[in-house]
Amino acid sequence: MHRLFARQRDKATKPNGEVDLDVLGQLVAEAYEQTDRDHRRADRSINLMVEELDQLNRALEARVSEGTVALGHREAELRTQNLRFDAALNNMSQALLMFDASARMEIVNKRYCEMYGLSPHDIKPGMTLQELLSIRKSMGMFAGDPEEYTSELRDLMTRGDSVTQYIDVPDGRTVAICNSPMPDGGWVATHEDITERRRAEEIIAHMAHHDSLTDLPNRVLFQERLADTLLNAKSGHHRLAVFYLDLDNFKAVNDTLGHPFGDELLKRVAGRLRACVHENITVARVGGDEFALILPDLADIGEAATLAQRICQAIREPYDLLGHVVVTETSIGIAVAPDNGFLPDELLKNADMALYRAKADGRGTFRFFAPEMDATIKARRALENSLREALYQGQFTLHYQPIMNLDDNRIICCEALIRWNHPQRGMVAPGEFIPIAEEMGLIVAIGEWVLRQACADAATWPNNTKVAVNLSPIQMLNARLVPVVIGALASAGLPASRLELEITESVLLQNTEATVAALYQLRSLGVRISMDDFGTGYSSLSYLRRFPFDKLKIDRCFISDLSKDDEDGLTIVRSVTALAKSLGMVTTAEGVETEEQMDLVRAVGCTEVQGYFVGRPQPLKDVSRLLVAALPPQAKSA
Ligand code: C2E
Ligand code: MG
Ligand code: MG
């Protein structure tokens with residue numbers, strides 16, 4: 001690695017091993033400024049020497065002509081001065097040459113010959129710049145045309161301005177040449193080898209434009225390339241496509257296996273992406289697990305779809321990461337220019353929206369941007385923002401729906417059902433916002449509020465009435481669930497036996513061991529666990545064996561069409577009830593809307609009913625009144 005760069009890089013390295021590019025850039029800039037200052041100082045001292053020599057000459061000539069000094073003395077003084085000048089000249093780190101007004105070389109130092117591998121015998125004062133350059137050219141030390149170069153430089157010098165040129169020597173070095181005109185029409189040229197400095201600049205430029213982990217172009221370079229490609233596409237009237245990719249379960253790999261595995265996975269994905277595409281396609285890493293591609297010259301949309309398919313397929317192949325087999329998938333959003341916009345930001349935004357859509361549609365797939373996505377996503381984002389605020393603004397409220405025991409027609413439990421009292425939209429049903437809160441992870445905080453509020457409300461109810469609270473699968477995966485339940489019970493002063501937690505089958509689909517362990521912990525506190533919406537999942541019976549539920553709530557889809565002539569429906573409810581009974585579980589028929597349905601479910605052996613017939617979900621004050629009156633009027637008359 002470049003020495004100067006290595007030193008500055010050490011200084012700019014943060015304790016965590018990352019290089020701070022800003023600090024590095026600043027340090028290297030300072031080092032360059034120092035070199036420039038040295039260069040300028042050397043130029044100044046050379047000019048001073050030249051001037052001094054000139055003045056001395058003139059003074060001596062004047063004194064010789066006045067007769068005050070002997071010619072021999074003048075020559076002696078000049079010799080001394082020349083020796084000093086030679087010593088200074090030949091010990092400079094830069095090469096130096098001085099030319100007269102007709103481009104004849106008057107002075108050259110040793111460094112110049114060394115720099116270009118020239119023999120001091122070949123380079124003699126009196127030769128022209130063009131001759132000098134011709135010798136260099138014959139030795140492969142000058143790439144240009146000596147005559148042209150000389151004539152252009154002379155033109156510049158006659159204008160009287162200093163000029164710095166950066167010349168690439170054919171052997172790979174870069175030399176900075178500073179040409180400063182002198183009053184007599186000649187000029188002084190200094191040459192400095194800046195190859196190392198250039199290399200350091202290139203490394204910094206590379207680091208500033210590439211991701212250090214995968215060495216792919218970063219977001220900055222991606223945006224520059226996109227802007228350039230868009231300009232070319234516009235002038236050439238062709239289309240281009242932007243792909244926005246994101247790994248589907250990267251966070252899980254990082255969280256479960258650790259960051260070194262996450263990093264390794266990103267490198268492998270980068271490698272597969274590069275292998276999938278032609279080299280004229282830019283592949284960049286634009287964020288943590290986000291990548292982006294530019295397809296510069298798109299013949300037809302099908303080409304983009306084929307490539308997207310190929311990428312999804314390549315990323316899906318298992319990875320062997322240091323002995324661990326990891327599987328990940330990628331979702332891809334595609335925006336096409338000019339169809340979906342002609343500005344880099346617009347295209348990226350649209351590709352991102354299409355990605356959002358690909359993820360929503362099941363992941364591991366790709367979607368092209370369509371204008372209507374914009375409106376859907378804007379509405380969705382607005383909903384997310386207001387949902388985030390709702391908890392802190394106290395916009396959630398709980399309604400309670402009574403659950404009646406069919407043995408004695410008493411209300412033994414009320415289910416807490418959340419409502420969002422939206423300032424503009426009024427009461428919003430949970431079906432509209434719970435799935436979004438789950439995706440946002442906000443359900444954990446909302447669920448904690450529900451638990452605390454429901455326990456506090458239930459503590460005020462008569463007859464030891466229980467309260468049922470719904471738990472989202474996301475809450476079940478949260479390690480804090482058990483402490484949160486204990487806290488809610490303790491601060492409400494509610495005995496654990498009066499709390500029922502309702503979970504759905506989907507809870508048992510994921511991370512089963514940890515989930516079942518949490519369920520046992522809750523049960524050991526005295527909390528009762530119910531299986532909600534039974535019959536709507538996949539393989540319900542196998543889930544019943546994973547945990548001994550206290551209660552099974554038969555989903556209302558089995559109840560809503562129930563009538564005395566519906567033999568099949570009755571058979572299902574009867575079998576489920578019998579099965580539950582044999583496993584020691586209580587059964588609740590959900591969605592009972594009519595007296596007939598209540599009688600039928602009672603006849604087939606259900607223990608409890610819940611539904612509009614017994615009571616709708618209602619605000620706390622109403623349900624409290626109902627509980628005090630002990631029984632709902634409809635049930636009394638039944
Ligand atoms: P769920 O737990 O099955 O709750 C019963 C749902 O059925 C409630 O809908 C209730 O209003 C409705 N329902 C009850 N009886 C009848 C009936 O006779 N006929 C009909 N057609 N519907 C009836 P709601 O309140 O809209 O809640 C829907 C779902 O939202 C709940 O289903 C539950 O899964 C979820 N949910 C509600 N509150 C919470 C909560 O605090 N946390 C979580 N995680 N989910 C909740
Ligand atoms: Mg429920
Ligand atoms: Mg239910």
Side-chain angles (χ1 to χ4, degrees), residues 32 34-54 57 81-82 84-198:
Y32 289 169
Q34 184 61 42
T35 327
D36 277 347
R37 272 198 298 275
D38 293 348
H39 203 150
R40 280 197 298 274
R41 203 176 301 127
D43 280 354
R44 264 200 309 277
S45 51
I46 293 158
N47 281 340
L48 277 176
M49 265 193 280
V50 172
E51 262 172 44
E52 264 177 37
L53 202 63
D54 201 40
N57 248 335
Q81 194 64 26
N82 273 340
R84 276 194 223 142
F85 185 59
D86 275 353
L89 206 60
N90 289 319
N91 285 297
M92 286 172 65
S93 61
Q94 288 124 331
L96 179 137
L97 305 132
M98 199 186 285
F99 296 92
D100 67 11
S102 57
R104 282 192 185 279
M105 188 179 74
E106 291 182 316
I107 290 171
V108 59
N109 71 354
K110 255 184 12 207
R111 178 80 187 103
Y112 182 80
C113 294
E114 288 163 6
M115 193 177 270
Y116 297 107
L118 304 167
S119 155
H121 302 294
D122 297 337
I123 308 300
K124 290 274 183 304
M127 69 197 305
T128 62
L129 173 60
Q130 190 180 326
E131 286 162 351
L132 184 67
L133 292 176
S134 299
I135 295 177
R136 268 179 53 189
K137 191 161 177 83
S138 68
M139 298 176 64
M141 285 292 169
F142 183 70
D145 175 49
E147 188 181 347
E148 204 176 295
Y149 179 87
T150 306
S151 121
E152 279 174 11
L153 184 59
R154 283 184 71 181
D155 279 354
L156 287 169
M157 290 298 100
T158 45
R159 277 183 227 150
D161 296 325
S162 288
V163 191
T164 303
Q165 299 162 313
Y166 297 95
I167 305 286
D168 291 324
V169 185
D171 66 2
R173 288 175 302 155
T174 307
V175 174
I177 305 177
C178 177
N179 297 291
S180 311
M182 291 193 300
D184 65 356
W187 72 93
V188 178
T190 53
H191 293 220
E192 191 190 1
D193 185 339
I194 57 158
T195 315
E196 287 213 348
R197 180 170 135 182
R198 266 286 156 91

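Remember, predicted model here, so these are calculated numbers, not experimental data. These numbers come from the heavy atoms of this one structure, side chains and all, not from hydrogens, waters or symmetry mates.
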Would you compute the distance between atom [atom1] of [X] and atom [atom2] of [Y] and round it to the nearest 0.5 angstrom?
X    : Y    : atom1 : atom2 : result
D161 : R159 : CG    : CZ    : 8.0 Å
S119 : M139 : OG    : CE    : 8.5 Å
S102 : R154 : OG    : CZ    : 6.0 Å
T190 : L96  : OG1   : CG    : 6.5 Å
C178 : E192 : SG    : CD    : 10.0 Å

Whether R198 engages the ring of Y166 as a cation-pi pair (distance to the six-membered ring centre under 6.0 angstrom, angle to the ring normal within 45°) should be assessed. yes
Closest contact, heavy atoms only, [X] versus [Y]:
X    : Y    : result
K124 : M105 : O-CE, 3.3 Å
A95  : Y112 : CB-CA, 3.4 Å
A103 : T150 : CB-CG2, 4.3 Å
T195 : G172 : CG2-O, 4.1 Å
C113 : P120 : SG-CA, 4.0 Å

Determine yes or no for a side-chain-to-main-chain donor-acceptor pair under 3.5 angstrom, with [X] supplying the side chain and [Y] the backbone.
X    : Y    : result
E131 : T128 : yes
D155 : M157 : no
T174 : I194 : no
N90  : K110 : yes
R104 : M127 : no
R173 : M115 : yes
D193 : V175 : no
N109 : Q94  : yes
K137 : G144 : yes

Validation row: [X], [Y] side chains within 4.5 angstrom (heavy atoms):
X    : Y    : answer
F99  : V188 : no
L129 : L153 : yes
Q130 : L132 : no
I123 : I135 : yes

I would like to know whether I107 and L97 meet side chain to side chain contact (heavy atoms under 4.5 Å, CB included); could you show each step before the answer? CA-CA 5 Å; I107 290 171; L97 305 132; over 6 Å; no
Could you check whether atom CD of E147 has more than 12 heavy atoms from other residues, nucleotides or ligands sitting under 6.0 Å from it? no
Steps toward side chain to side chain contact (heavy atoms under 4.5 Å, CB included) verdict (R111, M92): CA-CA 7 Å; R111 178 80 187 103; M92 286 172 65; 5.8 Å; no
Can we call the ring centroids of Y149 and F142 under 6.0 Å apart? yes
When you look at L118 and M141, which way does the side chain to side chain contact (heavy atoms under 4.5 Å, CB included) test go after all the steps? CA-CA 9 Å; L118 304 167; M141 285 292 169; 5.7 Å; no
